[in-house]
There are 2 protein chains.
Amino acid sequence: MTRSRQVILDALVRLRCPSTPKEIAEAVGTRACDLATVYRCMTLFEEMGLVHRIDFGDGLARFEIADDDPTGHQHHHLLCRQCNRIVKLDGCVLGEVESALARRYGFVEIKHRLEFFGVCPDCQHAGRGAASQARKRAS
Amino acid sequence: MTRSRQVILDALVRLRCPSTPKEIAEAVGTRACDLATVYRCMTLFEEMGLVHRIDFGDGLARFEIADDDPTGHQHHHLLCRQCNRIVKLDGCVLGEVESALARRYGFVEIKHRLEFFGVCPDCQHAGRGAASQARKRAS
DNA sequence: CTATGTGCAAACCGTTTGCACACAT
DNA sequence: ATGTGTGCAAACGGTTTGCACATAG
């Protein structure tokens with residue numbers, strides 16, 4: 001555990017909300033730590049389970065310190081489309097509908113992004129990279 | 001409606017699954033249509049409501065022809081983490097849990113990405129760009 | 001001392017944009 | 001003819017990587 005990693009982790013705790021690598025680098029002071037180092041540390045921390053990578057679909061990676069509830073559930077977020085404020089949702093909101101969120105948080109025009117990821121039957125039976133009909137993700 | 005747009009739209013119908021601009025360009029033949037044109041057409045089609053932009057969090061934009069159900073609900077997707085196969089989910093799965101998906105489609109290790117987007121109370125009352133505590137998305 | 005981490009700068013990759021030419025009407 | 005669409009190539013922005021130097025153990 002080097003000093004850079006300490007500093008970066010501290011900053012992440014201090015920020016207490018999903019932050020981009022650039023924001024993290026600025027929080028520690030650009031002279032204290034290089035952007036590339038932030039990226040490398042984030043990858044490391046993620047593998048260690050210390051942080052979660054969050055994707056809000058704007059092309060920027062965001063990270064926050066992992067604080068899963070006892071059930072292992074990651075919390076979700078409610079974002080303001082205008083000011084980018086982030087409300088952390090307590091508990092699991094799967095099954096709640098947007099109107100309930102609107103009532104509770106006073107947001108309007110709520111939309112969501114929801115996708116599921118898993119391993120399909122063919123891949124389970126074929127080691128890996130089955131699927132003649134597979135769509136290549138890269139290239 | 002130009003020939004390029006016809007060809008691109010045809011390709012999108014033919015592909016019948018969320019496709020990246022590169023895939024679309026290849027489907028119409030690189031000599032038939034430039035990548036930049038695909039991007040521009042996608043932006044146009046999206047504004048016209050002809051296609052939906054889909055984000056699977058891998059940094060690639062994907063598009064599919066819009067076929068919302070009568071309730072105006074967009075369908076969601078179930079992705080295989082290994083072969084990238086895409087299963088289109090019928091109806092609204094909000095409220096279904098992953099274990100139910102696993103049973104129905106035979107996928108395992110199902111995870112999801114779920115975020116909500118709306119306009120917060122402060123922004124509703126402040127024209128736009130309220131929030132002193134706003135997090136700047138770009139820059 | 002030796003392996004690993006870091007800073008710097010260049011490379012990458014998807015996406016966007018400026019510009020001159022081509023096409024639709 | 002005139003305005004819009006297109007191809008090409010360069011620009012852009014976030015992320016990754018190669019390499020030489022610095023640091024941890």
Side-chain angles (χ1 to χ4, degrees), chain A residues 1-12 15 17-48 50-64 79 84 86 113 115 135-139, chain B residues 1-12 15 17-48 50-64 79 84 86 113 115 135-139:
Chain A
M1 183 54 73
T2 69
R3 211 175 60 83
S4 291
R5 294 179 181 177
Q6 285 283 21
V7 171
I8 289 175
L9 211 47
D10 286 350
L12 217 39
L15 285 166
C17 68
S19 309
T20 64
K22 196 205 265 189
E23 291 172 333
I24 297 167
E26 284 165 0
V28 304
T30 310
R31 50 204 163 296
C33 182
D34 190 75
L35 230 197
T37 300
V38 173
Y39 277 102
R40 286 187 272 231
C41 285
M42 287 305 113
T43 303
L44 176 67
F45 292 164
E46 195 185 7
E47 285 167 357
M48 296 169 65
L50 286 178
V51 306
H52 283 142
R53 179 187 300 261
I54 299 174
D55 171 33
F56 290 155
D58 59 358
L60 301 181
R62 289 170 205 267
F63 301 89
E64 70 177 349
L79 291 80
N84 296 317
I86 298 174
R113 189 204 338 280
E115 302 296 346
R135 306 176 66 257
K136 273 134 258 111
R137 177 160 286 175
S139 129
Chain B
M1 183 53 73
T2 68
R3 209 176 60 82
S4 290
R5 294 180 180 176
Q6 285 283 21
V7 171
I8 290 175
L9 210 48
D10 287 350
L12 217 39
L15 285 166
C17 68
S19 308
T20 64
K22 196 205 265 188
E23 291 171 334
I24 297 167
E26 285 166 0
V28 304
T30 310
R31 51 207 164 292
C33 183
D34 191 75
L35 229 197
T37 300
V38 173
Y39 277 102
R40 286 187 272 233
C41 285
M42 288 304 112
T43 302
L44 176 68
F45 292 164
E46 194 184 8
E47 286 167 356
M48 296 170 65
L50 286 179
V51 306
H52 283 141
R53 179 186 300 261
I54 299 173
D55 170 33
F56 290 155
D58 59 359
L60 300 181
R62 289 170 206 268
F63 300 89
E64 71 177 349
L79 291 78
N84 295 318
I86 298 173
R113 187 202 341 279
E115 302 296 348
R135 307 175 67 257
K136 275 133 258 110
R137 178 159 287 175
S139 128

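Between the CZ atom of Arg53(B) and the P atom of dT15(C) there is a distance of 8 Å, given to the nearest Å. Atom pair Ile24(A):CD1 and dG14(D):P shows a separation of 14 Å (rounding to whole Å applied). To the nearest angstrom, C1' of dC12(D) lies 16 Å from CG of Asp58(A). Rounded to whole Å, atom C1' of dT16(C) lies 16 Å from atom CE of Met42(B). Rounded to an integer number of Å, the gap from CZ of Arg5(A) to C1' of dG7(C) is 14 Å. Here dG5(C) presents its C1' atom at 15 Å from CD of Glu47(A), a figure rounded to the nearest Å. Rounded to a whole Å, the CZ atom of Arg62(B) is 11 Å from the P atom of dG14(C). Atoms CG (Leu44(A)) and C1' (dT16(D)) sit 16 Å apart, rounded to a whole Å.
In terms of the side chain to side chain contact (heavy atoms under 4.5 Å, CB included) criterion, residue partners of Asp34(A) (sequence neighbours excluded) are, by chain and number, Ala36(A), Thr37(A). Arg5(A) meets the side chain to side chain contact (heavy atoms under 4.5 Å, CB included) test with Met1(A), Thr2(A), Cys41(A), Leu44(A), Phe45(A); sequence neighbours excluded. Every side-chain hydrogen bond (donor to acceptor under 3.5 Å, both in side chains) that Arg53(B) has, sequence neighbours left out, goes to Glu46(B). For the side chain to side chain contact (heavy atoms under 4.5 Å, CB included) test, residues two or more places apart in sequence or in another chain that qualify with Tyr39(A) are Pro21(A), Leu35(A). Among residues two or more places apart in sequence or in another chain, the side-chain hydrogen bond (donor to acceptor under 3.5 Å, both in side chains) test is passed with Gln6(A) by none.
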**Prompt:** Starting at the 5' end of DNA chain C, what dot-bracket string do you get if Watson-Crick and G-U pairs under 3.5 Å are bracketed, crossing pairs use [ ], other-strand pairs use | and unpaired bases use dots?
**Reply:** |||||||||||||||||||||||||
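Two residues are said to be in side-chain contact when any heavy atoms from C-beta on lie closer than 4.5 Å; Val38(A) and Lys22(A) fail this criterion.
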Below 3.5 Å between N/O atoms, which protein atoms pair up with nucleotides 19-25 of chain D? Just atom names and distances, please.
none

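Proximity of a side-chain donor or acceptor of Glu23(A) to a complementary backbone N or O of Thr20(A) within less than 3.5 Å is detected.
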**Item:** Audit row: Glu64(B), Leu15(B), side chain to side chain contact (heavy atoms under 4.5 Å, CB included) steps and yes/no
**Value:** CA-CA 8 Å; Glu64(B) 71 177 349; Leu15(B) 285 166; over 6 Å; no
**Prompt:** Between Ile8(B) and Cys33(B), does a side chain to side chain contact (heavy atoms under 4.5 Å, CB included) hold up when you go through it step by step?
**Reply:** CA-CA 8 Å; Ile8(B) 290 175; Cys33(B) 183; 3.5 Å; yes
**Request:** Go through the steps for Arg62(B) and Phe56(B) under the test side chain to side chain contact (heavy atoms under 4.5 Å, CB included), then give the verdict.
**Result:** CA-CA 8 Å; Arg62(B) 289 170 206 268; Phe56(B) 290 155; 3.4 Å; yes
**Message:** side chain to side chain contact (heavy atoms under 4.5 Å, CB included), that's the test. Do Thr43(B) and Arg40(B) meet it? Break it down for me.
**Reply:** CA-CA 5 Å; Thr43(B) 302; Arg40(B) 286 187 272 233; 5.8 Å; no
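Of all the residues in residues 32-39 of chain B, Ala32(B), Cys33(B), Asp34(B), Ala36(B), Thr37(B) reach under 4.0 Å from DNA chain D with at least one non-hydrogen atom.
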